[in-house]
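This report concerns only the one structure given below.
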Number of protein chains: 2
Amino acid sequence: MSIIDAAASVFCREGFAGANIDLIAVEAGVSRQTIYNHHRDKEKLFMAVVRDLTERCNAGIFATFASFPDQPKDLEADLIGFAVRMNQNCICNRDGRFLRKLIQTEGERYPELFAEWRDQGPGRTWPALAARFARLAHAGHLAVDDPDVAARQFLALANAELQTTFMLGGMPSEDEVLQSATHGVRTFLRAFGKRRSAAAVEKQLASA
Amino acid sequence: MSIIDAAASVFCREGFAGANIDLIAVEAGVSRQTIYNHHRDKEKLFMAVVRDLTERCNAGIFATFASFPDQPKDLEADLIGFAVRMNQNCICNRDGRFLRKLIQTEGERYPELFAEWRDQGPGRTWPALAARFARLAHAGHLAVDDPDVAARQFLALANAELQTTFMLGGMPSEDEVLQSATHGVRTFLRAFGKRRSAAAVEKQLASA
DNA sequence: ACAAATTTAGACAGTCTTGTCTAATTCGTC
DNA sequence: GACGAATTAGACAAGACTGTCTAAATTTGT
């Protein structure tokens, strides 16, 4: 395991103040001195960790965006699939959980660092997702007034049932993710879906 | 400021490991020895803080539940009001923010303590909220299949636009809370509202 | 195989923190 | 005012951690 990865793990478990450089060294399989050689001090190491996590998470998010159903065949199924991928590959994976925890625990202590995250993260991903929904609406698949609101609500709904697990830093099971995404997308489409056929309604009620 | 309140403040700002008993003493306006007299050690003090916050938050939540619109006059306005009260009095206030942060930062370190919170908090409040929605549905105001899912989604939608602020431990402005609640409830009612009149749709679109 | 660069183990000073102890002071109550 | 309980300031030992230093060992490139 690289120094950065080990540091991320320890910083997350113990917090910045509680993190022990010796422990990071052991976990990374290097000597303490090597850490001090690569990263001047604890704070610099911490910054490097956050930067690394932010980059990787953003890369993952944009990669997942590429699989957004721009021309959906089955809108509900396609959006559920997208929500699941979003959760599994960006929000519930190691990097996502670690970054979220570091932001929550140390965000107030390093305003400029996390302002950078905010600009590079949500500041870029939310509008990008909103644009996808706007295109979907323009193509007649959705009835959306405000794509920004819709994008935020889509993610909120997809994660609605994972909140408690997230709170405690846990990793939801695949089944929980699928459940939450399914319920969330169904509600999303009840609100923003267009011309739902009677058959679709029937099917939805039957499988609830 | 009481010892517990000062301790809550410092534990939140600095984390358990980073919290300094001397600082808590200064902030509480007592000597360090008094803290050790009342609470045997740092860990016991921390436990007392979490217990206190959990109790107060639960009390606030159930108090707010009493204002749930069981017989709504204007369902949208009443639900928005409820969502705003929920946010202002339970989620965004001092106790709510502190408890959330402590759970996020130290939850994994004290499983039994936060299991207690989980049982007393979400474990009791979510079903209680679900029961309200079930009653609303039974009275013909909503079309809800699964009240538990609806309750979780209601809260997720009401907070959808506050997530970034929550992440960094910030306190959203009254306006942000109202905005998020308004958008959230509108979407909720688009999904679960019954027999929406054409006039209501028009009004909603006009004010968007 | 050799030389340079990197890594390692361990010791080390300096700082900080917890939790205890003691003696003096303040407070509440009669 | 007097007495017992609570609080205070400060010193203190024990332990932990950071960041530096040195000399030996290991890796790397040629």
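So that the names make sense, note that chain A is the first sequence line, chain B the second, and so on, each numbered from 1. None of the values given here were measured: they were computed from a predicted structure.
Look at Asn20(B) and you'll find a side-chain N or O under 4.0 angstrom from OP1 or OP2 of dT18(C). Listed pair Thr34(A) / dT8(C) meets the phosphate criterion, a side-chain N or O lying under 4.0 Å from OP1 or OP2. One finds no side-chain N or O of His38(A) lying less than 4.0 angstrom from the OP1 or OP2 phosphate oxygen of dT6(C).
Rounded to the nearest 0.5 angstrom, Lys42(A) NZ and Tyr36(A) OH are separated by 8.0 Å.
Classification of the Phe65(B)-Phe82(B) ring pair by plane angle, with boundaries at 30° and 60°, yields tilted. Aromatic ring pairs are classed by plane angle as parallel below 30°, tilted from 30° to 60° and perpendicular above 60°; the pair Phe133(A) and Phe188(A) is tilted. The aromatic rings of Tyr110(B) and Phe16(B) sit perpendicular, their planes meeting at an angle over 60°, well past the 30° parallel limit.
With 3.5 Å as the limit, one finds a donor-acceptor pair spanning the side chains of Arg13(B) and Ser9(B).
Nearest heavy-atom pair, Pro172(B) versus Thr165(B), reported as atom, atom and distance to 0.1 Å: N-CG2, 3.8 Å.
Both tests pass for Arg100(A) against the ring of Phe166(A): distance under 6.0 Å to the centre and angle within 45° of the axis.
Both Gly18(A) and Arg40(A) lie near DNA chain D, and the one whose nearest nucleotide falls closer to the 5' end is Gly18(A).
In this structure, Ala25(B) reaches neither bases nor backbone, as no heavy-atom distance under 4.0 Å exists between it and the strands shown.
Rounding to whole angstrom units, CG of residue Asp22(B) and C1' of dC12(D) are separated by 14 Å. The separation between Glu14(B) atom CD and dT17(C) atom P is 10 Å, rounded to whole Å. Atom CD in Gln33(B) sits about 12 Å away from atom C1' in dT18(C), given to the nearest Å. The distance from atom OH of Tyr36(A) to atom C1' of dT22(D) is 17 Å, rounded to the nearest whole Å. Here dT8(C) presents its P atom at 9 Å from CG of Asn37(A), a figure rounded to the nearest Å. Rounded to a whole Å, the CZ atom of Phe11(B) is 14 Å from the P atom of dT17(C). When the P atom of dG19(C) is taken as reference, atom NE2 of His39(B) falls 13 Å away, rounded to whole Å. One atom, CD1 of Ile35(B), and another, P of dT17(C), lie 14 Å apart when rounded to the nearest Å.
Rotation axes derived from the C1' atoms of the five outermost pairs at either end of the helix from dA1(C)-dT30(D) to dC30(C)-dG1(D) lie 40° apart, to the nearest 10°.
Among the nucleotides dT18(D), dT8(D), dG19(C), the one closest to the side chain of Lys42(A) is dT18(D).
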